[in-house]
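In what follows, every heavy atom counts, from backbone to side chain, and hydrogens, waters and symmetry copies are set aside. All values derive from a computational prediction rather than experimental measurement. Indexing begins at 1, ligand by ligand and atom by atom, following the structure's order.
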Amino acid sequence: MSAIESVMQEHRVFPPPESFAKSAAISGMDAYRALCEEAERDYEGFWARHAREQLVWAKPFTKVLNESNAPFYKWFEDGQLNASYNCLERNLENGNADKVAIVFEADDGTVTRVTYRELHARVCQLANGLKALGIGKGDRVVIYMPMSIEGVCAMQACARIGATHSVVFGGFSAKSLQERLVDVGAVALLTADEQMRGGKALPLKAIADEALALGGCEAVKHVVVYRRTGGKVNWVEGRDRWLDEVCAGQPETCEAEPVDAEHPLFVLYTSGSTGKPKGVQHSTGGYLLWALMTMKWTFDIKPDDLYWCTADIGWVTGHTYIAYGPLAAGATQLMFEGIPTYPNAGRFWDMIARHKVSVFYTAPTAIRSLIKAAEADQAVHPKQYDLSSLRLLGTVGEPINPEAWMWYHENIGRGRCPIVDTFWQTETGGHMITPLPGATPLVPGSCTLPLPGIMAAVVDETGQDVPNGSGGILVVKRPWPAMIRTIWGDPERFRKSYFPAELGGKLYLAGDGAVRDKETGYFTIMGRIDDVLNVSGHRMGTMEIESALVANPIVAEAAVVGRPDDTTGEAICAFVVLKRARPNDEEAVQIANELRNWVAKEIGPIAKPKDIRFGDNLPKTRSGKIMRRLLRSLAKNEEITQDTSTLENPAILEQLRQAK
Ligand code: PRX
């Protein structure tokens with residue numbers, strides 16, 4: 001770890017504008033520090049106070065944190081509540097019934113609005129429909145749906161009846177979907193006929209059919225299909241039903257089932273360092289509490305805001321900051337079906353201007369690709385659009401480089417809007433380290449300081465704190481309410497992955513390297529320290545891609561590493577040994593394409609390797625271990641300066657260097 005050194009020398013500082021700070025939920029650094037001190041003084045009291053103030057409990061809790069079976073922590077365990085009640089009924093009762101909850105813009109620009117009253121009715125009808133199919137508390141339901149109001153309704157309807165949902169991103173392949181259906185033990189699958197993105201229809205139902213046909217999903221008794229395009233689909237009588245027919249005639253009220261605070265609200269699969277994705281299990285009470293608190297603290301959400309998070313509901317950002325957080329906060333949010341470059345790369349800016357978006361939350365990779373597009377074509381440059389409604393900007397998913405940060409600040413925020421660079425993970429449930437827009441002076445490229453109650457630190461391999469200015473491993477020292485509870489069906493993997501014995505067994509290991517600034521203590525995240533890549537803000541395990549590659553009958557061996565990429569952050573590079581002789585240049589192009597399509601089928605198009613190089617072998621130590629650091633240098637086209645004396649076959653390096 002000592003190799004991790006701070007490489008950033010960033011001295012520009014942007015204090016919050018006075019007018020913003022004046023009305024912010026947390027106003028000024030003294031207010032921030034006071035909350036941090038409260039949490040340090042009385043950790044449980046701090047969380048209990050917020051849990052009582054922020055959530056509506058069907059049965060109040062008396063216990064706050066149970067650490068007796070660490071690291072399987074329990075929060076508010078004797079309390080009961082319902083997440084959907086907290087998102088919907090609460091807004092019917094507090095004067096928000098006729099407030100617009102979701103403004104939905106379809107790929108083709110069609111706009112639909114639903115109020116909290118209408119959303120409640122639709123969620124209740126679907127919840128009743130699911131109950132009529134025999135689905136209930138404790139069942140698992142997989143949701144494989146496009147960005148849509150129906151997608152949010154599906155999640156809320158599950159929460160309402162106490163079923164645990166597992167949303168699978170619409171870009172995943174049949175095989176990935178099937179693995180998740182099997183692992184989570186789903187009894188039902190909610191999908192759509194097709195999904196519209198960038199003017200193209202993608203056949204979700206057909207992929208779902210293929211997934212179910214792969215076998216192992218016998219527990220799936222129902223497939224409920226949202227009619228999005230009216231495109232042609234296959235139909236299995238008795239199993240398949242249209243979503244509108246499931247809802248038709250159902251009452252518009254459905255009592256929200258109170259569940260224990262620890263009841264699993266959802267399982268969301270994410271990549272780890274081994275081949276198999278991890279089903280990250282979240283709770284109901286602690287998760288929802290943090291979703292709501294961070295909406296208020298980080299996004300400083302106000303009744304008049306029009307909030308827009310561009311993430312997909314298939315990722316954790318779409319869970320916390322679309323399906324739950326904004327609704328629990330009674331906000332009006334914009335939801336978008338399509339992609340930022342259709343019909344042109346001005347789509348985001350045009351939507352901000354038309355809908356008068358005030359809080360905008362997106363990914364660095366989107367910003368970087370839109371910078372390129374704006375530079376190439378002035379017609380889609382943000383300066384062509386009226387972005388004066390914006391008051392706050394955010395980023396998530398990967399480090400944002402200072403240049404992109406400055407562009408975002410100047411061209412989108414017009415120098416006026418704070419930027420919250422929010423560091424968090426699928427496992428953390430919500431923001432962890434982020435500026436508070438009305439308090440924290442911003443430094444481009446730094447996610448600044450942990451939120452109050454989050455005991456983040458940087459340590460060495462033995463779990464000891466490292467001094468500010470030295471790089472190390474990012475950990476969280478105390479459990480927090482929104483944290484992952486376990487890996488679905490694999491508690492041992494949970495313990496080993498996140499609370500490793502090497503660090504003493506009590507520190508939550510995020511899997512990222514970090515450094516704190518010598519003077520300010522600000523955090524800069526330096527990327528993953530495990531075999532996880534971050535491509536366009538999407539997490540992918542190198543092992544997952546390797547397993548997909550070697551599953552191809554022509555592949556003998558494969559090793560996957562990342563290399564920096566200007567737009568996507570990291571790009572996937574695969575080094576492949578075929579069972580047959582190494583291909584010549586011409587064949588290599590064709591086989592590389594075949595393998596890319598193969599990976600797209602095995603995992604999904606997001607996992608396609610950008611570079612594929614073929615060799616007679618891979619660089620290995622005498623004991624047979626692949627030397628990935630050498631592959632990383634090769635992928636970057638760097639000179640190899642590392643020690644190669646332990647390498648069994650040094651000549652392979654030259655061969656792989658030349659293979660393009
Ligand atoms: O490496 C960090 C990076 O994304 C990882 C988590 O990915 P995922 O679970 O897919 O969740 C993404 C959305 C919350 C982290 O381990 N990451 C996320 N946000 C940031 C970040 N890296 C630097 N800065 C961020 N703001």
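Considering backbone and side-chain atoms together, G397 places an N or O closer than 3.5 Å to an N or O of ligand 1. Considering backbone and side-chain atoms alike, Q425 places an N or O below 3.5 Å from some N or O of ligand 1. Note: no N/O pair closer than 3.5 Å links T317 and ligand 1 by distance alone.
Atoms of ligand 1 lying under 4.0 Å from any heavy atom of T426, numbered from 1 in the order shown and given with element: 8 (P), 9 (O), 10 (O), 11 (O). Close contacts of ligand 1 with V396, meaning ligand atoms under 4.0 Å from a residue heavy atom, involve 13 (C), 14 (C). Within ligand 1, counting atoms from 1 as listed, the ones closer than 4.0 Å to a heavy atom of N534 are 3 (C), 4 (O). The atoms of ligand 1 that sit less than 4.0 Å from any heavy atom of T422 are 19 (N), 20 (C), 25 (C), 26 (N). Of all atoms in ligand 1, listed by their number and element, those nearer than 4.0 Å to a heavy atom of P399 are 22 (N), 23 (C), 24 (N).
Side chain to side chain, Y287 and T320 meet the donor-acceptor criterion of an N or O pair below 3.5 Å.
Between the side chain of S358 and the backbone N or O of L306 there is at least one donor-acceptor pair closer than 3.5 Å.
Contact annotation for E398 and ligand 1: only backbone heavy atoms (N, CA, C, O) come within less than 4.0 Å of the ligand. Contacts of I525 with ligand 1, taken as heavy-atom pairs under 4.0 Å, involve the side chain alone. Counting heavy atoms closer than 4.0 Å to ligand 1, residue H538 contributes nothing at all.
With respect to the salt-bridge test (charged N to carboxylate O, under 4.0 angstrom), the residues D611 and R563 qualify. With respect to the salt-bridge test (charged N to carboxylate O, under 4.0 angstrom), the residues R528 and E570 do not qualify.
Tested against R539, the residues E398, E544, E427 include a single salt bridge (Lys or Arg N to Asp or Glu O under 4.0 Å) partner, E427.
Two residues are said to be in side-chain contact when any heavy atoms from C-beta on lie closer than 4.5 Å; M29 and P441 meet this criterion.
Remark: aromatic rings of F299 and Y361 are close, center separation under 6.0 Å.
The closest approach between C447 and ligand 1 stays at or above 4.0 Å for every heavy atom of the residue.
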